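Inspection log for the structure reproduced underneath, given as structure tokens.
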Amino acid sequence: MPDVMIRVPAEVRDQLAAVAEARGTSLRALMQEIAAQTLTPEQISERADRTRALIAERFGHYVTDEESADMRRKMREATAAHRAALAGAESAR
């Protein structure tokens, strides 16, 4: 398997190395895991289409573009609140 060199700032490298160490894995394995879990915009769209079709088939509800946009907004807000809570807990230590 050919290797690829990716240049990142030292802080990013150190953060990735710390995450890998905490997980008991190598930096190479961590990067492979991240790449495998990260979806392209096309893959995200395909999953959304499959999910909409499943919801329509199983529950008889057709998710509108407005409902999808509202759910994305709510998820962004929930993620931001979670990250803020984690940051607050970390700074309180």
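We number each residue from 1, following the sequence as shown. All values reported here derive from a predicted model rather than from experimental measurement.
In this structure, the separation between CG on Asp70 and CD on Glu67 is 8.5 Å, given to the nearest 0.5 Å. Here the CG atom belonging to Leu54 is positioned 13.5 Å from the CZ atom belonging to Arg47, to the nearest 0.5 angstrom. Here the straight-line distance linking atom OG of Ser45 with atom CZ of Arg50 works out to 10.0 Å at 0.5 Å rounding.
The list of side-chain hydrogen bond (donor to acceptor under 3.5 Å, both in side chains) pairs with a residue in residues 18-27, not counting sequence neighbours, reads Arg23-Glu33.
In the hydrophobic cluster analysis, where Ile, Leu, Val, Met, Phe, Trp and Tyr join through side-chain heavy atoms closer than 4.5 angstrom, Met31 is grouped together with Val4. Cluster membership for Ile44 and Met71, using ILVMFWY side-chain heavy atoms within less than 4.5 angstrom, is not shared.
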List, one per line, each side-chain donor-acceptor pair under 3.5 Å for residues 78-93, sequence neighbours excluded.
unit_1: Thr79; atom_1: OG1; unit_2: Met75; atom_2: O; d: 2.9
unit_1: Ser91; atom_1: OG; unit_2: Ala87; atom_2: O; d: 3.3
unit_1: Ser91; atom_1: OG; unit_2: Gly88; atom_2: O; d: 3.0

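One finds no salt bridge joining Arg52 and Asp49 here, because no Lys/Arg side-chain nitrogen approaches an Asp/Glu carboxylate oxygen to under 4.0 Å.
Leu39 is not listed as a side-chain neighbour of Glu46, based on a closest heavy-atom distance of 4.5 Å or more. Side-chain contact between Leu16 and Ile34: present, with at least one pair of heavy atoms (C-beta onward) separated by less than 4.5 Å.
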